[in-house]
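A short worksheet on the structure shown next.
Both counts, for ligands and for their atoms, begin at 1 and track the order of listing. Both backbone and side-chain heavy atoms feed into the values below; hydrogens, waters and symmetry mates do not.
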Amino acid sequence: MSSAALVPSEEVRSALAERRAVVALESTILAHGLPWPENLDVGRGLEAEVRAQGAVPATIAVVDGVARIGLDAAQLERVAREGSGFAKAGAADLAVALARGRSAATTVSATATLAARAGIAVFATGGIGGVHRGDAGDVSSDLTTLARERVAVVSAGAKAILDLPRTVELLETLGVLVLGFGTDEFPAFYTRGSGLALEHRVDTPDEVARILAAHWALERGGVLIANPCPREAALDAGAIEAAIAEALAEAAARRIVGKPLTPFLLAHLARATGGRSVAANRALALSNARVGAQVAVALTHA
Ligand code: PSU
Ligand code: MN
């Protein structure tokens, strides 16, 4: 990619040059995952959380054909305000937005791709994509991208709307290292546990940093740091599962498939829970940003 197409903000550029801690943040959660105006508030809050831990935030989006690594206040507001007016770009779609001078929010796969190219090792999101339920064969490219890109993604497991057992199996098949951060179970986004056991539990950012250093010394790719939703914000498992079943039935009735599916399901859950799913999503994303920043800081002296 030409350097003109991938542009770090001045703050991110100098932080990377001085080997200070930087945490990438994605923009699809803002443009397609959360409603206006909470999305802007969350976007700002994630950056503030990263700063509070002594790291520099780099929210990533394609704005008018430029892959921005770190947005200014006006660009962040534009992503949030325009929402689905921004395309939803996975890693494979980036080239089209860049070549055509278009704007696009970046998913986990696109953000991880750009972060790795920019030299950013840690990335925080809400929940990664994965294997969708049912037999349509819809598998997020978040998983295959994690297999190849040298980046650690902090996530509250994978979104509960997915088939989590299959998602965990596929992560293993793809060779993505999954670390439970303070947990022995794969988190289920809105709830802290899924009943799916994780082999590797870590309890401190320093321990994560040492494992990342060893992983990358072996020239391996992505690592998923699975950080459960904070206890006080987690939803009741039975209630959210009933709402998910209803959302999936509604999506099937309306024949919503492919890229619009995840945004549709999240918006449906927001209405069905009277906004409690949005509050949980916000809390878990902020917690992930905090852990991501702590890991990025630990990596600078690993
Ligand atoms: N985390 C959230 N909300 C989101 C997402 C992550 O809390 O909306 C986004 C990420 O960008 C992720 C995408 O890559 O959802 C998954 O989309 P799909 O299932 O179409 O691959
Ligand atoms: Mn998909």
Side-chain angles (χ1 to χ4, degrees), residues 24-36 38-39 42-43 45-46 59-62 79-80 83-84 86-94 104-115 123-146 149 151 153-164 166-167 170-171 187-191 222 224-230 233-235 240 244 247-248 251 256-270 277-289 292:
L25 300 166
E26 56 135 327
S27 44
T28 292
I29 180 176
L30 305 178
H32 298 273
L34 293 165
W36 168 268
E38 282 102 320
N39 59 353
V42 171
L46 293 171
T59 304
I60 293 179
V62 180
V79 171
S84 51
F86 270 57
K88 175 181 165 185
D93 312 306
L94 283 170
T106 51
T107 65
V108 167
S109 70
T111 307
T113 299
L114 292 171
F123 162 28
T125 181
I128 62 166
V131 181
H132 278 272
R133 301 187 195 185
D135 298 318
D138 184 347
V139 178
S140 179
S141 69
D142 290 357
L143 300 185
T144 45
T145 301
L146 267 182
E149 300 295 347
V151 67
V153 180
V154 188
S155 164
K159 288 194 217 48
I161 56 173
L162 302 166
D163 184 328
L164 293 183
R166 282 192 179 158
T167 299
L170 189 48
L171 284 164
F189 198 60
Y190 302 120
T191 58
L224 181 64
I225 302 169
N227 178 39
C229 180
L235 302 182
I240 195 69
I244 289 170
L248 288 166
I256 294 168
V257 294
K259 279 192 189 183
L261 179 60
T262 294
F264 174 86
L265 295 171
L266 295 177
H268 192 286
L269 292 180
S277 68
V278 173
N281 199 344
R282 168 202 291 258
L284 66 85
L286 288 172
S287 167
N288 293 341

Under 4.0 Å from one or more heavy atoms of Phe189, ligand 1 contributes atoms 7 (O)

Short version for Val108: what comes under 4.0 Å of ligand 1, heavy atoms counted, is both

Going by the 4.0 angstrom heavy-atom rule, the piece of Leu266 near ligand 1 is side chain

Check: Asn281 to ligand 1: N or O pair under 3.5 Å?
Finding: yes

For Thr107, the ligand 1 atoms with a heavy-atom partner under 4.0 Å come out as 11 (O), 14 (O)

What about Lys88: any of its N or O atoms under 3.5 Å from an N or O on ligand 1?
-> yes

Interatomic distance, CG@Asn288 vs CZ@Phe123, rounded to 0.5 Å, equals 10.5 Å

Flag Gly127 as yes when one of its N or O atoms lies below 3.5 Å from any N or O atom of ligand 1, and as no otherwise.
yes

Which of Thr111, Leu146, Thr145 passes side chain to side chain contact (heavy atoms under 4.5 Å, CB included) with Val153? Answer is Leu146

Of Gly90, Gly130, Ala105, Ser140, the one whose closest heavy atom lies nearest atom 21 (O) of ligand 1 is Ser140

Ligand 1 atoms nearer than 4.0 angstrom to some heavy atom of Thr125 are 1 (N), 6 (C)

> Hey, does the side chain of His268 reach the backbone of Leu248 with a donor-acceptor pair shorter than 3.5 angstrom?
Replying inline: no

Note: Ile29 and Ala285 closest approach over all heavy atoms is CD1-CB, 4.2 Å

The option among Val131, Asp142, Ile29 carrying the non-hydrogen atom nearest to atom 12 (C) of ligand 1 is Asp142

protein heavy-atom neighbour closest to atom 19 (O) of ligand 1 works out as Thr262 OG1, 2.8 Å

Problem set entry | Polar side-chain atom of Ser155 near backbone of Ile128 as donor-acceptor pair, under 3.5 Å | yes

Per residue Asp138, nearest N, O or S atom to the Mn ion (ligand 2) is named OD1

Rounding to 0.5 Å, atoms OG1 (Thr107) and NE2 (His32) come to a distance of 9.5 Å

Look only at interatomic distance and state if Lys159 has a nitrogen or oxygen under 3.5 Å from any nitrogen or oxygen of ligand 1. yes

In ligand 1, the atoms that come under 4.0 Å of a heavy atom of Gly33 are 8 (O)

In this structure, atom 11 (O) of ligand 1 is nearest to the protein heavy atom Glu26 OE1, 2.7 Å

In this structure, NE2 of His132 is separated from OG1 of Thr167 (nearest 0.5 Å) by 8.5 Å

Gly126 heavy atoms within 4.0 Å reach ligand 1 at atoms 1 (N), 2 (C), 7 (O)

Closest heavy-atom pair, Ile60 versus Ser27, reported as atoms and distance to 0.1 Å, is O-OG, 2.6 Å

When rounded to the nearest 0.5 Å, the distance separating CG of Leu170 from OG1 of Thr144 is 8.0 Å

Per-atom filter on ligand 1: closer than 4.0 angstrom to a heavy atom of His132 are 19 (O)

Separation between CD (Glu26) and CG (Leu114), nearest 0.5 Å, reads 12.0 Å

d(Leu265 CG, Ile244 CD1) to nearest 0.5 Å is 8.5 Å

